[in-house]
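The chains referred to below are lettered A, B, ... by the order of the sequence lines, with proteins before strands, and numbering in each begins at 1. For clarity, every value in this text was computed on a predicted model and none was experimentally measured.
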There are 2 protein chains.
Amino acid sequence: MKLDSRKLQILQAIINDYIITAEPVGSRTVARKYNLGISSATIRNEMSDLEEMGFLEQPHTSAGRVPSDKAYRLYVDRLMRIRELTDQEAEYVKRTYQEKIMQLEQVIFQTAKVLSDITDYTSIALAPQLNKVTIRHIQLVPVDKDFALLVVVTSSGILKDTLIRIPEGIDSDFLQKVSNILNDHFQGRTFDQIDIKDIAPIREVFARNQKFFNSLVDILTGRLRESQQKEVYLGGTTNIFNFPEYQDILRARSFLNLMEEKDLLYHILSRSNDGGVKVTIGTENPHEELKECSIVTATYSLGDRVLGTIGIIGPTRMEYSKAVSVMDYMGKALSTYLTRLFGE
Amino acid sequence: MKLDSRKLQILQAIINDYIITAEPVGSRTVARKYNLGISSATIRNEMSDLEEMGFLEQPHTSAGRVPSDKAYRLYVDRLMRIRELTDQEAEYVKRTYQEKIMQLEQVIFQTAKVLSDITDYTSIALAPQLNKVTIRHIQLVPVDKDFALLVVVTSSGILKDTLIRIPEGIDSDFLQKVSNILNDHFQGRTFDQIDIKDIAPIREVFARNQKFFNSLVDILTGRLRESQQKEVYLGGTTNIFNFPEYQDILRARSFLNLMEEKDLLYHILSRSNDGGVKVTIGTENPHEELKECSIVTATYSLGDRVLGTIGIIGPTRMEYSKAVSVMDYMGKALSTYLTRLFGE
DNA sequence: TTTAGCACTCAGCGCGGGAGAGTGCTAACA
DNA sequence: TGTTAGCACTCTCCCGCGCTGAGTGCTAAA
């Protein structure tokens, strides 16, 4: 059976209607609302065909039809018209990035907030992944006789710091010396490139302070990386209650539980980090709990290096045209902002 | 009318039962389950009295009775028996604090998690309030030619840091000089005690770099403080779905929306910072949205200085005996842990 | 190939009645 | 005088019923 242009028109009408109303769409509705110049009976026949082809589903006999994931996919790839941001929306984004926030966390957090405000979906933003950025500066800052602060600044302005206990008899000159060595070795590298073997030669500098040396290595190769990698910021989690399909308490609950699983979210989002906007519809996502959700992601970069991912998540009946344009716009706006702030 | 011991017994029975079942309690239930040696008819009479005295309420005729806020207050103050933590619970807490987490944020976050895990309520933890801690060390760390990092370490191990743009022609010697001056002036003080007037004499050191000077002051007196003050960590927000009174989607939604309002939560929690465990029942809390919730808070300290507040929030029908004991225990455990880590 | 007409299906809704839980009153009892 | 058994009454909850309306698929005619 061929998907001729009339079938496409009907399919598009059904998808449009269902996205707005969340109610199964019947042949009469299509005939009335969308002047296609054909009768409901003809539309009925076409809809029957579309169902057979897997684009439509029927919740039960005597209900209208609902688009399938396959239909949404077709819609996203071929049918939908990208809808530009309104002036207000663009203005809102601009205003957010006008403030000179110097802490990256804040920037990412704000981005998530803007995304959920504009789209009314739930937004997710991943902090930059450390294996994507290079180390710009390492410094051990003496705090008092027992503690020093290990600060690592990366090319994207990420700051990672930890208090570290220092053994007795270490003075600030020694700390400075260590800082210099660390900088010499690791400046310009990514965290992935920090290798135990590289570190070995430094070991001798530490003389009797092997324990101190070990904890430094520990932090640089392990802890900092982990703590950063799973940083997931959410916006508008309770927006989900706006959708009729989540009036059911069990569904809402399982959705919100899912949003608490930062590890999972991290994995879902970080799969798409090859740049550009990506749409994952319903069962295209391998996770069972997400089979009735769609996710639209975009990446953000510093210069030409992709740093991380931002995304929104909502019911499969999502306003894709808006979602895609917003994600595209925000990914670019965030990249521009970061490059301006931390550009190399 | 006097609240004799039999009335108290009956009231206690009703509260106990209602806490467990969430169902209005009838006279027959009390007679059957709690062997008080009196018939349901007598209990009925007493319940009628208790209602008149404001301790019980009736959702509608032909339903059992439900304890009022006044009843819970009486229960918390006079009737309940504190229930110690089980060995597993104590063990869980101990294990959590055994790990050497050096970042305060992590500690507070973990504390919130433990609280919600043990109690099955939603937990809230405030990061230490900056006006409660003293500045231990200030350091400007050079990053590259355009940026420096302003690091402030406080007595409780709180770290606040911001990237700050430095004007051209400032070298690391100058930064060190500034750091020294800042330390001389502010070490040992609280953020509240940083006064513009104190800073004025330093101004001359900056000579032509007034703009740099201004942004430093800005950060120290304003930005750092604000960013920290509102840091609110939540645990187990979706636990609310476990309670039958929150099966209603509107209620669940308004509760979860409330939990997103960090500012509000901050204010609610920070009211009780005079040490010890505090219980706020239903309408005792001025916030309309909380009139069917109870909050149990405790404070945590470093040495003898109260730093912040932790709390749990649940329906008024809360297991107060457990809640109070857990909060008491956790407040102390957290204080001990912090004092061990950052003790002065 | 399209359309009008028609029988059929099924979810949703409102209604009514029965069951069950609980109360308050009354009268009898210790 | 306090306590208890008995009973009528109330009210929510739940279940089943039938109606309505939206929508379909089929058939036959244009």
Side-chain angles (χ1 to χ4, degrees), chain A residues 1-11 13-15 17-18 20-68 244-245 247-249, chain B residues 1-11 13-15 17-18 20-68 244-245 247-249:
Chain A
M1 209 173 316
K2 225 193 127 253
L3 201 56
D4 58 21
S5 98
R6 193 171 72 181
K7 284 198 172 59
L8 281 179
Q9 272 190 308
I10 292 172
L11 186 56
I14 293 172
I15 294 176
D17 208 79
Y18 188 67
I20 297 168
T21 64
E23 297 286 332
V25 185
S27 57
R28 260 197 90 223
T29 312
V30 177
R32 243 186 304 125
K33 282 209 222 167
Y34 305 82
N35 287 12
L36 303 181
I38 44 178
S39 76
S40 68
T42 312
I43 294 173
R44 253 193 318 277
N45 289 331
E46 296 286 38
M47 281 168 78
S48 183
D49 289 354
L50 284 167
E51 181 167 2
E52 208 176 314
M53 294 162 83
F55 291 109
L56 293 178
E57 283 158 9
Q58 222 174 351
H60 54 86
T61 1
S62 94
R65 257 96 167 188
V66 163
S68 67
E245 40 270 77
Q247 292 310 333
D248 177 30
I249 200 104
Chain B
M1 211 172 319
K2 227 193 125 254
L3 201 58
D4 58 20
S5 98
R6 193 172 70 181
K7 283 197 172 59
L8 281 179
Q9 272 190 309
I10 291 171
L11 186 56
I14 292 171
I15 294 176
D17 208 77
Y18 187 67
I20 298 168
T21 63
E23 298 286 333
V25 186
S27 55
R28 260 197 90 222
T29 312
V30 177
R32 243 186 304 122
K33 280 210 220 165
Y34 305 83
N35 289 10
L36 303 181
I38 44 179
S39 76
S40 70
T42 311
I43 293 173
R44 250 190 324 273
N45 289 330
E46 297 285 37
M47 281 167 79
S48 183
D49 291 352
L50 285 167
E51 182 169 2
E52 209 175 314
M53 295 163 81
F55 291 107
L56 294 179
E57 282 157 11
Q58 220 173 351
H60 54 85
T61 1
S62 96
R65 257 95 168 187
V66 163
S68 68
E245 41 269 77
Q247 292 311 336
D248 175 30
I249 200 108

### Message
Please pick, from D:dT24, D:dC11, C:dG22, the nucleotide with the shortest atom-to-atom distance to any side-chain atom of B:Thr61.
### Response
D:dC11

#### Entry: Distance-minimising heavy-atom pair for A:Pro24 and A:Tyr18
N-CE1, 3.9 Å

### Query
Can you tell me how far P of C:dT23 sits from CD of B:Glu51, to the nearest Å?
10 Å

### Task
Give the rounded distance in Å between these two atoms: CZ of A:Arg32 and C1' of D:dG23.
12 Å

### Task
For nucleotides 3-8 of chain C, just jot down a letter per nucleotide in 5' to 3' order: B, S or -, based on protein non-hydrogen atoms under 4.0 Å.
BBB---

### Task
In whole angstrom, give the distance that lies between atom CD of A:Glu52 and atom C1' of D:dT24.
15 Å

### Query
In whole angstrom, what separates A:Arg28's CZ from D:dG25's P?
16 Å

### Task
Report the residue from A:Ile43, A:Asn45, A:Thr42 that forms a side-chain contact (heavy atoms from CB on, under 4.5 Å) with A:Ser27.
A:Ile43

### Message
Quick check on the helix from C:dT1-D:dA30 to C:dA30-D:dT1: what's the angle between its two end axes, five base pairs per end, to the nearest 10°?
### Response
20°

### Task
Send over the distance from A:Asp49 CG to D:dC26 P, rounded to a whole Å.
12 Å

### Between C1' of C:dG22 and CD of B:Glu23, the distance in whole Å
13 Å

### Task
List the atom of B:Gly54, the atom of B:Ser68, and the distance in Å for their closest heavy-atom pair.
O-OG, 2.7 Å

### Summary
Heavy-atom nearest pair, A:Gly64 first then A:Gln58, reads O-CG, 3.6 Å

### Query
Rounded to the nearest 0.5 Å, what separation is found between the OG atom of A:Ser5 and the CD1 atom of A:Ile10?
9.5 Å

### Summary
B/S/- along nucleotides 13-21 of chain D (protein heavy atoms under 4.0 Å) is ---------

### Message
Using the salt bridge (Lys or Arg N to Asp or Glu O under 4.0 Å) definition, which of the options A:Glu51, A:Glu52, A:Glu46 pairs with A:Lys7?
### Response
A:Glu46

### Atom-pair distance (NZ on B:Lys7; C1' on D:dT3), nearest Å
13 Å

### Query
Can you name the closest pair of heavy atoms from A:Val25 and A:Ile14 and give their distance?
CG2-O, 3.7 Å

### Message
Could you tell me if the side chain of A:Arg6 sits less than 4.5 Å from the side chain of A:Ile38, heavy atoms only?
### Response
yes

### Task
Could you check how far OH of B:Tyr18 sits from C1' of C:dA21, rounded to whole Å?
16 Å

